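Just so you know, residue 1 is the first one in the sequence shown, and it goes up from there. For clarity, every value in this text was computed on a predicted model and none was experimentally measured.
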Amino acid sequence: MELDVAWTVKWLQLCAEAMAEHRVELIELDRAIGDSDHGENMDRGFQAVLAKLADGPPETPSAALKLTAMTLMSTVGGAAGPLYGTAFLRAATSLGDAARIDPPAWAAALAAARDGIVARGKAEPGDKTMVDAWTPAVDAARNAADGGNADSLAVLMAAADAAEAGAVATDPMVARKGRASYLGERSAGHRDPGAVSSALILRAAVEAAA
């Protein structure tokens, strides 16, 4: 499947399905080290994105991502709204008016999204945040795209696989940012919910193209 506006809309629809399906899991992860609202917030935010998409189809991938950014910023509570909103907005800006997304453009959009999250949240790899999923995803996408032989699906898969591994890798980390950092050493042994929701979003991108 081409990475065009139809794929982008399908991706966002699958994001909404993933957040609904994993809402309780994200709530439980956040209850352990946060304020237990991540699953509810993400589900509500992406249901609002679905409603916005139903109002009128966007014309470009960038337009779809910008709509998503604005909707998440206005409907998702806590830190997730600004962080994800910034990520989708930076990705939209990176793509510009392109009708189709090739592998290098996807890798660049992921990097722009990650950089937006870092700029907004001031987190670094190892802080036990969503950055620990996004950074390996960016690196994997770049490596796959730089080879010149990988198709779009392969680059999407590389990013999603790396994000999932990055989320798992947050288990033993001690949180240094956000509410989880208040727990100090007690935050170790729990997976970061933002890293998990990030991995779900990037896996949905694969499923939309498969």
Side-chain angles (χ1 to χ4, degrees), residues 1-22 25 42 46 49 53 57-69 72 83-84 86-118 125-126 129-171 191-192 194-210:
M1 181 178 186
E2 279 192 323
L3 304 190
D4 54 11
V5 68
W7 167 80
T8 308
V9 170
K10 181 65 174 176
W11 171 32
L12 297 171
Q13 291 169 339
L14 290 176
C15 284
E17 290 183 13
M19 295 309 151
E21 179 182 349
H22 294 273
E25 175 192 351
M42 295 300 291
F46 274 97
V49 170
L53 290 171
E59 294 185 357
T60 64
S62 177
L65 298 186
K66 185 175 181 180
L67 178 152
T68 300
L72 294 179
L83 290 170
Y84 274 120
T86 301
F88 278 101
L89 188 59
R90 292 284 187 95
T93 301
S94 174
L95 294 174
D97 296 328
R100 293 172 181 80
I101 308 168
D102 62 17
W106 175 249
L110 282 186
R114 186 274 314 275
D115 292 348
I117 292 169
V118 170
T129 71
M130 63 198 335
V131 173
D132 292 301
W134 281 91
T135 292
V138 168
D139 292 343
R142 279 177 171 164
N143 289 338
D146 285 350
N149 297 319
D151 61 15
S152 296
L153 182 58
V155 176
L156 292 170
M157 289 181 66
D161 290 347
E164 288 170 354
V168 172
T170 66
D171 287 5
R191 193 162 301 174
D192 180 70
V196 173
S197 61
S198 296
L200 290 172
I201 286 170
L202 294 179
R203 180 56 63 187
V206 177
E207 294 171 356

Nearest-0.5 Å distance that lies between atom CE in Met19 and atom CG in Leu14 | 11.0 Å

For the atom pair CG (Leu53) and CG (Leu67), what is the distance rounded to the nearest 0.5 Å?
-> 5.5 Å

How far apart are the closest heavy atoms of Thr129 and Ala195, and which atoms are they?
-> O-CB, 3.9 Å

For the residue pair Tyr84 and Thr68, confirm or rule out a side-chain donor-acceptor distance under 3.5 Å.
-> no

Does a side-chain N-to-carboxylate-O contact under 4.0 Å join Arg100 and Asp4?
-> no

Heavy-atom distance under 4.5 Å between the side chains of Trp106 and Leu95, does that happen here?
-> no

Please report the closest heavy-atom contact between Ala112 and Ser94, naming both atoms and the distance.
-> CB-CB, 3.8 Å

When every non-hydrogen atom of Lys66 is compared with those of Ala92, the smallest separation belongs to N-CB, 3.8 Å

If only atom types and distance count, is the side chain of Thr8 paired as donor or acceptor with the main-chain N or O of Ala64 below 3.5 Å?
-> no

Leu156 and Trp11: side-chain contact (heavy atoms from CB on, under 4.5 Å), yes or no, with the steps?
-> CA-CA 11 Å; Leu156 292 170; Trp11 171 32; over 6 Å; no

Could you grab the distance from atom OG of Ser152 to atom CD of Glu2, nearest 0.5 Å is fine?
-> 8.5 Å

Can you tell me how far CZ of Arg191 sits from CG of Asp171, rounded to the nearest 0.5 angstrom?
-> 4.0 Å

Result block: side-chain N/O donor-acceptor pairs under 3.5 angstrom for residues 200-210, not counting sequence neighbours:
from	atom 1	to	atom 2	distance (Å)
Arg203	NE	Glu164	OE2	2.8
Arg203	NH2	Asp161	OD1	2.5
Arg203	NH2	Glu164	OE1	2.9
Arg203	NH2	Glu164	OE2	3.3

State the CG-CG distance between Leu3 and Asp102, to the nearest 0.5 angstrom.
-> 8.5 Å

Please confirm whether the backbone N or O of Gly96 pairs with a side-chain atom of Ser62, one donor and one acceptor, at under 3.5 Å?
-> yes

Nearest heavy-atom approach of Ser198 to Gly194 is OG-O, 2.8 Å

Distance from Leu83 atom CG to Met130 atom CE, nearest 0.5 Å?
-> 5.5 Å

Of all heavy-atom pairs linking Ala107 and Ala145, the shortest is CB-CB, 4.2 Å

Using the side-chain contact (heavy atoms from CB on, under 4.5 Å) rule, take Phe88 and Leu12 through it: C-alpha gap first, then chi angles, then the decisive distance, then the call.
-> CA-CA 11 Å; Phe88 278 101; Leu12 297 171; 4.1 Å; yes

Write down the atom of Ala137, the atom of Ala163, and the distance for their closest heavy-atom approach.
-> CB-CB, 4.1 Å

Close side-chain approach of Val5 to Glu59, heavy-atom, < 4.5 Å | no

